[in-house]
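I have placed the structure first, in the form of structure tokens, so that the comments after it can refer back to it.
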Amino acid sequence: MDKIQMNTPLVEMDGDEMTRILWQIIKEELLFPYIDLKTEYYDLGLEHRNETDDQVTIDAAEATKKYGVAVKCATITPNKARMSEYDLKKMYKSPNGTIRAILDGTVFRAPIVVKGIEPCVKNWKKPITIARHAYGDVYKNTEFYIEKPGDAYLVFQGEDGEEKKELIHHFDGSGVLQGLHNVDASIESFARSCFSYALDTHQDLWFGSKDTISKTYDGRFKEVFNQVYETEFKEKFEAEGLEYFYSLIDDIVARIMKAEGGFIWACKNYDGDVMSDMVSSAFGSLAMMTSVLVSPHGYYEYEAAHGTVQRHYYRHLEGKETSTNSVATIFAWTGALRKRGELDGTEALVSFADKLEKATLSVIESGKMTKDLALITSIENPVVLNSRDFILAIREELDKLL
């Protein structure tokens with residue numbers, strides 16, 4: 001079979017630990033034999049980010065603006081333990097947060113549904129897609145430790161000389177301070193991305209925040225969503241028979257647990273971070289969730305929603321066998337290849353992405369799977385495969401489909 005040709009490269013962002021190992025196996029076994037793969041490569045492994053003072057992350061995001069489509073491996077966001085482990089110059093911020101801020105988009109995360117892996121929430125019949133705002137809040141915070149009594153103020157100094165000042169708290173002793181921010185332009189992009197994606201995928205859109213407590217901050221999110229909906233999307237939603245629904249975040253969470261699914265749940269940055277893990281785990285596994293950053297400027301970045309699988313990586317370094325689920329990482333590649341094919345008009349690339357996804361799910365449905373899925377499957381007597389053999393089983397199934 002002749003290899004499928006690519007007209008435009010993908011931006012490839014390599015990552016860390018066990019997912020970095022899987023990344024290479026996926027390319028060697030599931031991509032190189034079938035595609036004349038063209039990528040512009042950026043090593044976002046923590047060592048290289050440290051060597052470049054994290055400039056490589058910025059360069060990768062700018063390259064995504066140039067080529068339009070990127071695929072990213074899971075990466076480490078360092079804490080104090082990682083500072084020592086990797087001898088870092090400083091505690092670098094989340095590379096995902098940096099990329100999201102540069103691309104100005106919304107992260108859409110959806111569980112990968114497969115027969116034999118039933119959701120923990122029995123009434124969930126269809127996928128629930130999390131739309132996570134990709135800018136600001138705790139991910140762009142300013143914070144420090146207070147060591148003595150005193151007053152903390154929130155201060156804004158306008159370029160015109162105007163000053164706003166409000167007491168946050170009088171400290172009688174030690175404590176902590178955190179400053180959060182967001183901007184209207186990003187909230188508007190978030191809203192437009194959510195409404196547009198809902199129309200594209202023909203799904204209702206739910207959105208929740210805590211405007212009863214955070215009357216100004218969260219209230220602004222509610223206001224902007226309502227403005228964008230009323231002025232740009234209401235008629236389109238009504239024509240398609242779709243609903244936009246707003247409520248408090250705690251009410252939304254309660255409703256989610258009783259819903260059947262099949263809709264988009266828009267969340268602020270932190271809410272989306274937490275709730276996407278809850279939804280993916282409840283649908284089966286953290287390794288069974290897709291993630292795509294969609295920018296209103298026409299950029300797309302695909303990745304797995306989970307982390308670097310640190311525990312398995314340490315086993316790998318000891319020479320021990322691992323059974324690591326690579327499904328979401330495979331689907332990051334298929335998502336990027338499909339979008340590249342759609343944008344370039346390369347139907348063969350779109351078809352290949354579809355068949356690779358089908359092959360992956362068929363292997364699981366046949367009873368062959370990684371250990372995490374074997375522990376929760378309803379399929380009797382599943383065959384547990386190690387990390388490489390699971391990918392090789394997918395390749396065997398893919399060959400049949402091709």
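Fair warning: this is a prediction, and the values are worked out from it, not measured in the lab.
- Between Tyr302 and Thr290, the side chains place no donor N or O within less than 3.5 Å of an acceptor N or O (distance only, hydrogens not considered).
- When only modelled atom types and interatomic distance are considered, Glu301 and Thr64 share no side-chain donor-acceptor pair under 3.5 Å.
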Note to self: Using side-chain hydrogen bond (donor to acceptor under 3.5 Å, both in side chains), reason through Tyr92 and Asn50 one step at a time and then give a plain yes or no.
What the structure shows: CA-CA 8 Å; Tyr92 299 100; Asn50 190 49; 2.8 Å; yes
Note to self: Test side-chain hydrogen bond (donor to acceptor under 3.5 Å, both in side chains) on Glu40 and Tyr42; report intermediate values, then the result.
What the structure shows: CA-CA 7 Å; Glu40 185 164 302; Tyr42 293 86; 2.4 Å; yes
Check: Given Glu51 and Asp43, is the side-chain contact (heavy atoms from CB on, under 4.5 Å) satisfied, shown in steps?
Finding: CA-CA 11 Å; Glu51 291 171 7; Asp43 184 359; over 6 Å; no
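- A donor-acceptor pair is defined here as one N or O able to donate and one able to accept, closer than 3.5 Å; no such pair exists between the side chain of Thr129 and the backbone of Arg109.
- No donor-acceptor pair under 3.5 Å is formed between the side chain of Ser351 and the backbone N or O of Ala348.
- For Thr322 and Arg315, the side-chain atoms include no donor-acceptor pair closer than 3.5 Å.
- Checking Asp14 against Tyr41 by side-chain atom types alone, a donor-acceptor pair falls below 3.5 Å.
- Using a distance-only test at 3.5 Å, with no hydrogens or angles considered, a donor-acceptor pair links the side chain of Ser295 to the main chain of Leu103.
- Here Lys165 does not pair with Glu163 in a salt bridge; the nearest charged N to carboxylate O distance is not below 4.0 Å.
- Between the side chains of Gln227 and Tyr229, no donor-acceptor pair of N or O atoms lies under 3.5 Å.
- Using a 4.0 Å cut-off between a side-chain N of Lys or Arg and a carboxylate O of Asp or Glu, Arg192 and Glu232 qualify as a salt bridge.
- Taking the ring centre of Phe32 as origin, the terminal cationic atom of Lys27 falls outside the region bounded by 6.0 Å and 45° from the ring axis.
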When the side chains of residues 395-402 are checked against the rest of the protein, which donor-acceptor pairs come out under 3.5 Å, sequence neighbours left out?
unit_1 : atom_1 : unit_2 : atom_2 : d
Arg395 : NE     : Tyr34  : OH     : 3.4
Arg395 : NH1    : Glu29  : OE1    : 2.8
Asp399 : OD1    : Tyr34  : OH     : 2.6

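- Taking the six-membered ring for Trp, Phe190 and Tyr135 have ring centres at least 6.0 Å apart.
- A donor and an acceptor atom, one from each side chain of Thr75 and Lys72, are located under 3.5 Å apart.
- Salt bridge Arg311/Glu318: absent, no basic N to carboxylate O contact under 4.0 Å.
- Counting all heavy atoms, side chain and backbone alike, Lys65 lies closest to Ile102 at CE-O, 3.4 Å.
- Side chain to side chain, Thr370 and Asp372 meet the donor-acceptor criterion of an N or O pair below 3.5 Å.
- With hydrogens and angles disregarded, no donor-acceptor distance shorter than 3.5 Å links the side chain of Ser214 to the backbone of Lys210.
- Thr98 and Thr57 form no side-chain donor-acceptor contact under 3.5 Å, judged by distance and modelled atom types alone.
- A donor-acceptor pair under 3.5 Å links the side-chain atoms of Asn79 to the main chain of Ala81, judged by distance alone.
- In summary, the side chains of Tyr244 and Asp204 do not present any donor paired with an acceptor at a separation below 3.5 Å, with no hydrogens or angles considered.
- Taking the charged nitrogens against the carboxylate oxygens, Glu223 and Arg220 do have a contact shorter than 4.0 Å, which makes a salt bridge.
- Remark: side-chain polar atoms of Lys125 are paired, donor with acceptor, to backbone N or O of Lys122 under 3.5 angstrom.
- Although no hydrogens or angles enter the test, the distance criterion places a donor-acceptor pair under 3.5 Å between the side chain of Thr377 and the main chain of Ile379.
- Asn386 and Glu321 are linked by a side-chain donor-acceptor pair at a separation below 3.5 angstrom, with hydrogens and angles left out of the test.
- Under the 4.5 Å side-chain criterion, counting only non-hydrogen atoms from C-beta, Ile35 is in contact with Met6.
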Margin query: Using the rule given for side-chain hydrogen bond (donor to acceptor under 3.5 Å, both in side chains), can you reason through Ser189 versus Asp104, listing the C-alpha separation, both sets of side-chain angles and the distance that settles it, and then say yes or no?
Written below: CA-CA 7 Å; Ser189 291; Asp104 179 31; 3.2 Å; yes
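- Side-chain polar atoms of Tyr217 and Asp137 form a donor-acceptor pair below 3.5 angstrom.
- In this view, Ser378 and Glu118 satisfy the side-chain hydrogen bond (donor to acceptor under 3.5 Å, both in side chains) rule, not counting sequence neighbours.
- Arg49 places a side-chain N or O within 3.5 Å of a backbone atom of Ile76 that can act as its donor or acceptor partner.
- A cation-pi contact, defined as under 6.0 Å to the ring centre and within 45° of the axis, links Arg132 to Tyr139.
- Relative to the ring axis of Phe207, Lys222 does not place its NZ or CZ within 45° and under 6.0 Å from the centre.
- Using modelled atom types and a 3.5 Å distance limit, the side chains of His316 and Ser387 yield no donor-acceptor pair.
- Using modelled atom types, one finds a donor on one side chain and an acceptor on the other under 3.5 Å when comparing Asp211 with Tyr246.
- Seen from the ring of Phe237, Lys234 does not count as a face-on cation partner, given the 6.0 Å and 45° thresholds.
- The pair Asp218-Lys268 meets the salt-bridge criterion, since a charged nitrogen lies less than 4.0 angstrom from a carboxylate oxygen.
- Among residue pairs with one or both ends in residues 252-271, those qualifying as ring-ring contact (aromatic ring centres under 6.0 Å, His included) are Trp206-Phe263; sequence neighbours excluded.
- Distance alone, capped at 3.5 Å, is enough to place a donor-acceptor pair between the Gln5 side chain and the Lys3 backbone.
- Aromatic ring orientation, Phe171 versus His169: perpendicular (interplanar angle above 60°, classes split at 30° and 60°).
- Side-chain atoms of His170 and Asp151 include a donor-acceptor pair closer than 3.5 Å.
- For the residue pair Tyr314/Gln310, the side-chain donor-acceptor check at 3.5 Å is satisfied.
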